[in-house]
2 protein chains.
Amino acid sequence: MIDKNSPIPIYFQLEEHLRAQIENGSLEVDEAIPSERELAETFQISRMTVRQAINNLVTEGLLYRQKGKGTFVNKKKVEQKLQGLTSFTEDMLERGMKPSSKLISFEIIPADKQVAQALNLNENTPIYEIKRVRLADQLPMALETTFLPANLVKGLTEDIINQSLYQYIEHHLGLIINEASQEIEASTPKETEMKLLEIESSAPVLFIKRVSYLQDGTPFELVKSSYRADRYKFVHTMKRSF
Amino acid sequence: MIDKNSPIPIYFQLEEHLRAQIENGSLEVDEAIPSERELAETFQISRMTVRQAINNLVTEGLLYRQKGKGTFVNKKKVEQKLQGLTSFTEDMLERGMKPSSKLISFEIIPADKQVAQALNLNENTPIYEIKRVRLADQLPMALETTFLPANLVKGLTEDIINQSLYQYIEHHLGLIINEASQEIEASTPKETEMKLLEIESSAPVLFIKRVSYLQDGTPFELVKSSYRADRYKFVHTMKRSF
DNA sequence: CAGTGGTCTAGACCACCAG
DNA sequence: TGGTGGTCTAGACCACTGA
């Protein structure tokens, strides 16, 4: 179950092990998981290592602790996973749907004023412009236009964007994605949008404009999306920080 | 600076120490804090204890780490205020507009199935139902229906809801508001809604459904709002959490 | 009382990054 | 190469819970 010689950290292996048990129901809600000492003994690892795994699951909200009593499985909020910054692909997978795309155009163009401003670039700086129809379970879900600074997100190909752009940015380019700010509106689609989304006139769309930032604050992505209102609902959680 | 004999955990004392330095500007944005070994040496504590303090600050987003380089102070966002859970009143004030309300109805009714489920109550439990037209700078902005468990949010009057419901809940009832989950959709308004919002047919609205929770997880509020799409844009920021 | 999580120590080896 | 964070160990004492 736990391989001490694996390059994968032990605490992470244990984390996955517990996560699996929670998800497949071997551990029920409000049921105590084995004690830290017990887990350490079972897997022949240090208690501190066990605690690191449990800490992460507590932070994620999957477990909660009670002093003197034990560690227990939390009731899962359905929405819980949906709150992070995710790509369309990740979003659909979390919703249990199969994402796909139809590429409409993919080119390098000079940034117009609006895009330049959003991405904090000079006008006419070369940027990638990628237009796609986004599908979920083969049905049109959204029309999406992505703008990326060509100097920052280098070596982009059709293959890459058909796989996962975020994976490429994080793993191949080694950039750290930090956060995004979004504007969400209701609007009525244009003629061309209606056709691509296969909707009747009069049906509204959810228009989302997102600018995403790296760890150092550099904006690396502007995405404008029009989601079919009958198929898509934006879900998130927010904290009262006062 | 650090008192080992204090009942306050050492890692927490260090946390507060670093937090203060970040907030008063002794440590600047993107500046490296002393290394873990250095902090351990300085305060004569174990490196693991130092890590516990730093871990917490990283989780909170105040610091970020870079392998082989060091631990750095994160920039604080201007947007930060906008992302929090706010009432309509707070929201409008942040946008620089003057909020007001027109009360349509205010009564105690038995919870129907849908409301009961959202608020985790039994059907027919008494709840407040408050319908209001929400105005910003005297113009209709949204139509809002709020549901509150009568047993939890006691002693509600028209005066209170005309002031600030959240203030009342937090300061008079002493309840701690923690978080909310929202669903945001685009839709078309019903006849009655159009009239109250003073909009033409065919104009879409932004429909927001929110359930808010107290610290202990109890849902205390269900709000359904229809915002005029031409006047309202929902803005928020989200983190890439992994 | 025995068992739990909470805190803490004083080491260790690793991979990564800079000069 | 020397310094950084990432991981891990094998102990320890504490306060708290429940029987």
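A note on names: the letters A, B, ... follow the listed sequences, proteins ahead of strands, and every chain is numbered from 1. No hydrogens, no waters, no symmetry mates; every other heavy atom, side chains included, goes into these values. Source: prediction; values computed, not measured.
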| field | Asn56(B) CG to dG6(C) P, straight-line distance once rounded to whole Å | value | 12 Å

Would you be so kind as to tabulate the donor-acceptor pairs closer than 3.5 Å made by side chains of residues 28-38 of chain A, with sequence neighbours excluded?
residue, atom, partner, partner atom, Å
Asp30(A), OD1, Tyr64(A), OH, 2.7
Glu31(A), OE1, Glu28(A), N, 2.7
Ser35(A), OG, Glu38(A), N, 3.1
Glu36(A), OE1, Arg47(A), NE, 2.9
Glu36(A), OE1, Arg47(A), NH2, 2.9
Glu36(A), OE1, Arg51(A), NH1, 3.3
Glu36(A), OE2, Arg51(A), NH1, 3.0
Glu36(A), OE2, Arg65(A), NH1, 2.9

| said: Closest approach to the side chain of Arg51(A), judged atom by atom: which nucleotide of dC8(C), dT9(D), dG5(C) is it? | reply: dG5(C)

| field | Ile45(A) side-chain proximity, nearest of dG5(C), dT9(D), dA18(C) | value | dT9(D)

| Please give, in whole Å, the distance from dC8(D) P to Leu14(A) CG? | 10 Å

| message | Would you say the ring centers of His17(B) and Phe12(B) fall short of 6.0 Å from each other? | response | no

| message | Which is more 5' along DNA chain D, the nucleotide nearest Lys69(A) or the one nearest Arg47(A)? Just name the residue. | response | Arg47(A)

| task | For Thr49(A) and for Ile54(B), locate the closest nucleotide of DNA chain D by heavy-atom distance; then report the residue assigned to the nucleotide nearer the 5' terminus. | result | Ile54(B)

| query | Side chain of Met48(B): nearest nucleotide among dG5(D), dT9(C), dT7(C)? | reply | dT9(C)

| Once you round it to whole Å, what is the distance between C1' of dC16(C) and CD of Gln66(B)? | 11 Å

| message | Let's see if you can work this out: which of dT4(C), dT9(C), dT7(D) has an atom nearest to the side-chain heavy atoms of Ser35(A)? | response | dT4(C)

| Asp159(A) and Thr157(A): side-chain donor and acceptor closer than 3.5 Å? | no

| request: Measure from the side-chain N and O atoms of Glu107(A) to the backbone N and O of Ile130(A), and report whether any donor-acceptor pair falls under 3.5 Å. | output: no

| dT7(C), dC8(D), dG5(C): which one has an atom nearest the side-chain heavy atoms of Glu36(A)? | dG5(C)

| task | Round to the nearest Å and state the distance from Phe12(A) atom CZ to dA15(C) atom P. | result | 19 Å

| query | Starting at OH of Tyr64(B) and ending at P of dT4(D), how long is that distance when rounded to a whole Å? | reply | 17 Å

| request: Could you check how far CG of Leu39(B) sits from P of dG3(D), rounded to whole Å? | output: 16 Å

| query | Heavy atoms, side chains only, cut-off 4.5 Å: are Tyr227(A) and Glu185(B) in contact? | reply | no

| message | Strictly below 4.0 Å: does Lys4(B) bring a side-chain N or O up to OP1 or OP2 of dT9(C)? | response | yes

| query | Is the base of dG5(C) touched by the side chain of Arg37(A) through a donor-acceptor pair closer than 3.5 angstrom? | reply | yes

| query | When we call it a touch if two heavy atoms are under 4.0 Å apart, what does Ile10(B) touch: a base, just sugar-phosphate, or nothing? | reply | sugar-phosphate

| said: For Watson-Crick and G-U wobble pairs within 3.5 Å on both distances, what is DNA chain C written in dot-bracket notation, | included for inter-strand pairing? | reply: |.||||||||||||||||.

| note | Heavy-atom closest pair (Asp3(A) atom, Gln13(A) atom, distance to 0.1 Å) is N-OE1, 2.7 Å

| note | Picking from dC8(D), dT9(C), dG5(D), the nucleotide nearest the side-chain atoms of Ser46(B) would be dT9(C)

| task | Specify the separation, in whole Å, of atom CD1 of Ile33(B) and atom C1' of dT4(D). | result | 12 Å

| said: In this structure, how many angstroms lie between the C1' atom of dT4(D) and the CZ atom of Phe72(B), rounded? | reply: 9 Å

| query | Quick check: does any side chain N or O of Asp91(A) sit under 3.5 Å from a backbone N or O of Ser87(A), one acting as donor and the other as acceptor? | reply | no

| field | Polar side-chain atom of Asp112(A) near backbone of Val115(A) as donor-acceptor pair, under 3.5 Å | value | yes

| said: Counting only side-chain heavy atoms from C-beta out, which of dG5(C), dT9(D), dT7(D) sits nearest to Tyr11(A)? | reply: dT7(D)

